[in-house]
Amino acid sequence: MNAKYGQVIGMCALLFSIGCADSSEQETNVSSEQDVQTSDVGGVADGIATVDSATGPADVPLSEVLDSADAPDSEEPTQVLFPLDRAIEVQVTLAAEDWDTLRAQTRTIMDILGPGCGDHPFESPFTYFPATVTVDGETVENVGVRKKGFLGSLSDTKPSLKIKAHEYEDGKSFYGMKRLTLNNVQQDPGYMSTCLTYDLFNAAGVPAPRCGFADVTVNGQHLGLFVSIDSLKKPFMKRNFGDDSGTIYEGTLSDFREGWTGSFDQKTNEKEGPGPHVNAVKEALEVPD
């Protein structure tokens, strides 16, 4: 993390704490028993992954850790959108005025810290616009394209994008995938942190999105390289757990503490209304034993 980004996040966290929580009710001290013991965590240095554990491997080449992840499923048609050796090509065409409006849509610190902040999920200022999108030679017309991002990744020249093939017409997809998530990763000039992290999670048996790269052009203007990741929706659940009936939540400035649970955003099963899961986790964590 670069210093400038760290300062921005620190300032946002401080402002959110001041604006959305009663500081007298929040514990600010963390006991030494709760501190992370870095000597027990291990790390990655000079291409070597180390795990300080009696049962874990030590001095394992990082390449072997990544190679230990499950090989791509050749029977999964959407896997073609996450090749390991190249960036997919994405070409977007939409009305010039729509592109200008999309790029300009944004949020500010005050949008986050306004009245009732933290009581509910943060509203998105981004809207879909109709577009024609070609992904590696497959063209799909009348799909939805919108800007994405919370604060630090927002850009009006190279915006992160959500592409939703079935926004206006059911049944549309790109090689079987209904959504594309394209991140500008402007806080990561090396473009590698996201995919390396997700690959390590998957290698360790912790389900994480598939990750790849996309070379993006909009209305003939080459925007350059983006990181393409799985959208955390029902197809992700089905692929990783064999069952897509569960509910996914996204936490933005959220926690399982009093006054901080309201901002969890329900991402699946929305038509069923808010589920009890977040409060159930909060109550479980408050059990003394």
Side-chain angles (χ1 to χ4, degrees), residues 2 4-5 72 76-107 124-199 208-233 235-236:
N2 62 52
K4 181 178 180 181
Y5 178 56
E76 169 58 68
T78 62
Q79 187 61 44
V80 300
L81 296 178
F82 300 96
L84 301 178
D85 57 350
R86 65 180 181 85
I88 62 173
E89 294 186 5
V90 178
Q91 299 175 341
V92 180
T93 303
L94 71 167
E97 58 270 24
D98 288 346
W99 175 238
D100 289 339
T101 302
L102 181 154
R103 293 189 300 110
Q105 290 180 334
T106 190
R107 58 161 56 93
S124 172
F126 311 123
T127 54
Y128 279 102
F129 297 89
T132 296
V133 178
T134 300
V135 179
D136 267 5
E138 181 175 80
T139 299
V140 183
E141 298 180 347
N142 198 31
V143 304
V145 178
R146 71 167 174 85
K147 190 175 183 178
K148 70 175 292 285
F150 185 64
L151 192 63
S153 63
L154 295 180
S155 169
D156 60 4
T157 56
K158 186 184 177 181
S160 298
L161 298 172
K162 282 274 193 182
I163 300 176
K164 189 175 179 181
H166 62 301
E167 171 65 13
Y168 304 112
E169 297 179 45
D170 292 337
K172 292 189 172 183
S173 68
F174 301 100
Y175 297 99
M177 179 166 281
K178 295 179 179 180
R179 294 178 173 86
L180 296 179
T181 299
L182 306 176
N183 290 340
N184 61 19
V185 293
Q186 64 180 11
Q187 297 103 347
D188 177 23
Y191 287 80
M192 294 301 295
S193 294
T194 302
C195 289
L196 281 174
T197 300
Y198 288 162
D199 282 350
R210 292 172 297 176
C211 184
F213 300 92
D215 189 27
V216 180
T217 299
V218 177
N219 288 350
Q221 179 185 3
H222 185 225
L223 299 188
L225 193 65
F226 286 68
V227 171
S228 173
I229 64 171
D230 260 338
S231 297
L232 295 182
K233 290 288 189 177
F236 171 86

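Since this is a predicted model, take the numbers as computed values, not measurements.
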- prompt: Are more than 12 heavy atoms from other residues, nucleotides or ligands located less than 6.0 Å from atom CD of Glu169?
  reply: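 Yes - once you tally the heavy atoms of other residues, nucleotides and ligands closer than 6.0 Å, there are more than 12.
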
- request: For Lys162, look at atom NZ and say whether over 12 heavy atoms of other residues, nucleotides or ligands are found less than 6.0 Å away.
  value: yes

Considering all heavy atoms of both residues, which atom of [X] and which atom of [Y] are nearest to each other, and what is their separation?
| X | Y | value |
| --- | --- | --- |
| Lys147 | Gln105 | NZ-O, 2.8 Å |
| Leu182 | Ala214 | CD2-CB, 3.9 Å |
| Glu138 | Ser173 | OE1-O, 3.7 Å |
| Ala87 | Asp215 | CB-N, 4.0 Å |
| Ser153 | Ser160 | O-OG, 4.3 Å |
| Asn219 | Ala96 | ND2-CA, 4.2 Å |

Rounded distance (nearest 0.5 Å) linking atom [atom1] of [X] with atom [atom2] of [Y]:
| X | Y | atom1 | atom2 | value |
| --- | --- | --- | --- | --- |
| Glu97 | Phe129 | CD | CZ | 10.0 Å |
| Lys233 | Lys178 | NZ | NZ | 11.0 Å |
| Leu81 | Ile229 | CG | CD1 | 13.5 Å |
| Lys172 | His166 | NZ | NE2 | 12.0 Å |
| Met177 | Glu76 | CE | CD | 7.0 Å |
| Ile88 | Phe82 | CD1 | CZ | 7.0 Å |

field: Derivation and outcome, side chain to side chain contact (heavy atoms under 4.5 Å, CB included), residues Phe213 and Val227
entry: CA-CA 5 Å; Phe213 300 92; Val227 171; 4.0 Å; yes

Any donor-acceptor pair under 3.5 Å from Asn142 side chain to Pro130 backbone: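 Checking the backbone N and O of Pro130 against the side chain of Asn142, no donor-acceptor pair under 3.5 Å is found.
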
message: Donor-acceptor pair, distance only, cut-off 3.5 Å: does the side chain of Arg107 make one with the backbone of Gly149?
response: yes

- prompt: Does NZ or CZ of Lys158 fall inside the cone over Phe226's six-membered ring, less than 6.0 Å from its centre and within 45° of the axis?
  reply: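 Yes, cation above the ring, under 6.0 Å and within 45°.
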
- request: Examine the side chains of Arg210 and Gln79 and answer whether a donor and an acceptor come within less than 3.5 Å of each other.
  value: yes

- request: Would you kindly say whether Ser231 and Thr181 are connected by a side-chain donor-acceptor distance under 3.5 Å?
  value: yes

- prompt: So, do Leu94 and Val218 sit near enough that their side-chain heavy atoms are less than 4.5 Å apart?
  reply: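 A side-chain contact under 4.5 Å exists here.
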
- prompt: Of Thr101, Thr106, Asp100, which is the lone residue that meets side chain to side chain donor-acceptor pair (under 3.5 Å) with Arg103?
  reply: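 Going through the options one by one, the only one that passes is Asp100.
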
- request: Apply side chain to side chain contact (heavy atoms under 4.5 Å, CB included) to Gln91 and Thr139, showing your working.
  value: CA-CA 9 Å; Gln91 299 175 341; Thr139 299; over 6 Å; no

task: Test side chain to side chain contact (heavy atoms under 4.5 Å, CB included) on Phe174 and Asp136 and set out the steps.
output: CA-CA 9 Å; Phe174 301 100; Asp136 267 5; over 6 Å; no

- prompt: So among Asn183, Asn184, Leu161, Ile163, which one has a side-chain contact (heavy atoms from CB on, under 4.5 Å) with Lys148?
  reply: Asn183

field: Step-by-step side chain to side chain contact (heavy atoms under 4.5 Å, CB included) determination, Val133 to Val92
entry: CA-CA 5 Å; Val133 178; Val92 180; 4.2 Å; yes

